Number of protein chains: 2
Amino acid sequence: MDTNLKDNIVKQFPQFEQALLGEILAQSTIKHIEEGDEILRTGQYIRSTILLLGGLLKVYREDDEGNEFLMYYLEPGNACALSMMCTARDEKSQIMVKAVLPSEIILVPQHLTELWLSKFKSWHNFVIASYRQRFEELLQTLDSIAFKALDERLVFYLKRHVQVSGEEIRLSHQQIATELNSSREVISRLLKKLEQTKAITLHRNYIEVHDLELF
Amino acid sequence: MDTNLKDNIVKQFPQFEQALLGEILAQSTIKHIEEGDEILRTGQYIRSTILLLGGLLKVYREDDEGNEFLMYYLEPGNACALSMMCTARDEKSQIMVKAVLPSEIILVPQHLTELWLSKFKSWHNFVIASYRQRFEELLQTLDSIAFKALDERLVFYLKRHVQVSGEEIRLSHQQIATELNSSREVISRLLKKLEQTKAITLHRNYIEVHDLELF
DNA sequence: CATCAACTGTAACAACTGTCACTGAACTAC
DNA sequence: GTAGTTCAGTGACAGTTGTTACAGTTGATG
């Protein structure tokens, strides 16, 4: 069991040095998360850094009125950059993190995250790389909201979904509308238009993506 | 002259330890920037970390068609987080940085930024704090674009401007429209509405802000 | 099979934003 | 002062998105 776990960590985080792997195994908690469970809520204190071992997480923003929009997805081998950015003093989360699929996460206590930065070069690099990657993804999301009309944002959203979970997108129109902070009717309308161009086929509860490259 | 410079750095970056100050003075370049000058362009290679000693910089995003929108302002004592995030390999800038006022910047060569992280605790903390602060500001900007109508975004924009440069906002309607990725006529219309509520007074080339707290 | 709930399709309408066209006011340079 | 330029104000109109209202479809359950 423990050997399996170690193999799995090595597989998802091949860049970590041996000593770091040892510390992770010794000091952190592995947790299984059900689909739909919330891992982090806005306003909640962050006490651990989250590493994703298996499954799929979505990171999104929610405002006072319950509106939300998707920031990005985290795949196995990724970490939640924001949870690494909190220093010793307790910081509150600015974001929501929810499991899209049943997932396995590693929880590293905050004080270790800090310590490891100077202790392990591979950890340091991982943290920097994570920051940067997430910042870039956030900028892309920002671009799509700022510069693009909803039809283009929808295509951008579908493409990203294909990347993380294949050509069969198992979502209702309502779910998509929520993640884009729009409304169901509008999304239905736009999806219908996309279907007419043969880029996708609509079904109940899932969308089949043929080719979105032209958009 | 050099003593003046050191005093100035100490004033803007009081948290830096002595040894770090020494290295900054010895190894980095001080540069004077004229109002309107571009310090970093999208696609350009980043070779230095930028610390702001005096003046005011704006950090914004620009798309292929020349549309832009404001991400945030940098004030003296701040640093460009993105320019710190680049590791040894040459990374291209994802953003534009331009001087809003005549400014003094410190350019720290990339390899030192990296080195100092492990060498100086105060530098390390500064970098982490900068990342975090910028990420939060970016999230706020994102919120305002995603959740708010243009009238609210305009108020948010004006408020931020008051924070960095006082109650007299020296901008034309066209400049505001550009930074919000909107159009001049629309901004004029909304500003006029705001003026009618006595929150602001409009003049040629500047706006006088009385009270925006209600919005 | 009957019923119910969730999901999807659509039409009509309203609100917001962007665009076009034009006017006038303020400042600049000669 | 005059001409030219930049800036601001305004009305009309078009396109996009959100809202309301309702109908039809699918799938689950008893």
Side-chain angles (χ1 to χ4, degrees), chain A residues 35-36 63-70 143-158 161 168-209 215, chain B residues 35-36 63-70 143-158 161 168-209 215:
Chain A
E35 182 176 331
D63 79 350
D64 333 313
E65 285 126 38
N67 301 311
E68 59 177 74
F69 72 81
L70 179 70
D143 277 358
S144 93
I145 301 182
F147 296 135
K148 293 181 179 160
L150 195 50
D151 54 351
E152 282 184 279
R153 286 177 56 204
L154 178 59
V155 171
F156 176 72
Y157 174 85
L158 293 176
H161 239 279
E168 230 185 71
I169 300 176
R170 309 211 132 274
L171 291 172
S172 70
H173 297 183
Q174 181 59 63
Q175 286 174 293
I176 298 175
T178 304
E179 301 210 314
L180 292 173
N181 191 39
S182 175
S183 71
R184 205 258 318 155
E185 295 86 333
V186 175
I187 297 299
S188 286
R189 212 152 55 194
L190 295 176
L191 284 173
K192 210 66 199 164
K193 259 202 259 175
L194 271 182
E195 188 178 40
Q196 281 160 16
T197 69
K198 316 233 186 248
I200 61 176
T201 309
L202 299 177
H203 304 271
R204 186 186 173 85
N205 272 316
Y206 77 96
I207 298 169
E208 208 179 319
V209 175
F215 297 90
Chain B
E35 181 175 333
D63 78 351
D64 334 312
E65 285 126 39
N67 302 309
E68 59 177 73
F69 72 82
L70 179 71
D143 277 358
S144 93
I145 301 183
F147 296 135
K148 293 180 179 158
L150 195 51
D151 54 351
E152 282 184 278
R153 286 177 55 204
L154 177 59
V155 171
F156 175 73
Y157 175 85
L158 293 176
H161 239 278
E168 230 185 69
I169 300 177
R170 310 210 132 275
L171 290 172
S172 70
H173 297 185
Q174 181 58 63
Q175 285 175 295
I176 298 175
T178 304
E179 300 211 317
L180 292 173
N181 190 40
S182 176
S183 71
R184 205 255 321 153
E185 297 89 329
V186 175
I187 297 299
S188 287
R189 213 149 58 192
L190 295 176
L191 284 172
K192 210 67 200 163
K193 258 202 259 175
L194 271 181
E195 188 177 40
Q196 281 160 16
T197 69
K198 314 232 187 251
I200 61 176
T201 309
L202 298 178
H203 304 271
R204 186 186 170 85
N205 273 316
Y206 76 98
I207 299 169
E208 207 179 319
V209 176
F215 298 91

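Chain identifiers are assigned alphabetically (A, B, ...) following the order of the sequence lines, protein sequences preceding nucleic acid strands; residue numbering begins at 1 within each chain. Note that the coordinates shown come from a computational prediction; the quantities given were computed from them, not determined experimentally.
For A/Leu180 and D/dT16, the CG to C1' distance is 15 Å, given to the nearest whole Å. Distance A/Arg170 CZ to C/dA6 C1': 16 Å, rounded to the nearest Å. The separation between B/Ile176 atom CD1 and D/dG9 atom P is 11 Å, rounded to whole Å. Rounding to whole angstrom units, CG of residue B/Leu190 and P of D/dT10 are separated by 13 Å. The separation between B/Lys193 atom NZ and C/dT17 atom C1' is 11 Å, rounded to whole Å.
For B/Ser183, no side-chain nitrogen or oxygen approaches OP1 or OP2 of C/dT17 to under 4.0 Å.
For the atom pair B/Gln174 CD and B/Ser188 OG, the distance stands at 9.0 Å (nearest 0.5 Å). How far CG of B/Leu154 is from CD1 of B/Ile200: 7.0 Å, rounded to the nearest 0.5 Å. Note: A/Leu180 CG to A/Glu68 CD = 10.0 Å, rounded to the nearest 0.5 Å.
The two residues B/Ser144 and B/Arg153 make their nearest non-hydrogen contact at O-CG, 3.2 Å.
Between A/Tyr157 and A/His161, the ring planes are tilted. Angles from 30° to 60° get that label.
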Step by step, would you call A/Asp143 with B/Asp63 a side chain to side chain contact (heavy atoms under 4.5 Å, CB included)? CA-CA 8 Å; A/Asp143 277 358; B/Asp63 78 351; 5.8 Å; no
Nucleotide N/O of nucleotides 7-15 of chain C paired with protein N/O under 3.5 Å:
| residue | atom | partner | partner atom | Å |
| --- | --- | --- | --- | --- |
| C/dT8 | OP1 | A/Asn205 | N | 3.0 |
| C/dT8 | OP2 | A/His173 | N | 2.8 |
| C/dG9 | OP1 | A/Lys192 | NZ | 3.0 |
| C/dG9 | N7 | A/Arg184 | NH1 | 2.9 |
| C/dG9 | O6 | A/Arg184 | NH2 | 3.0 |

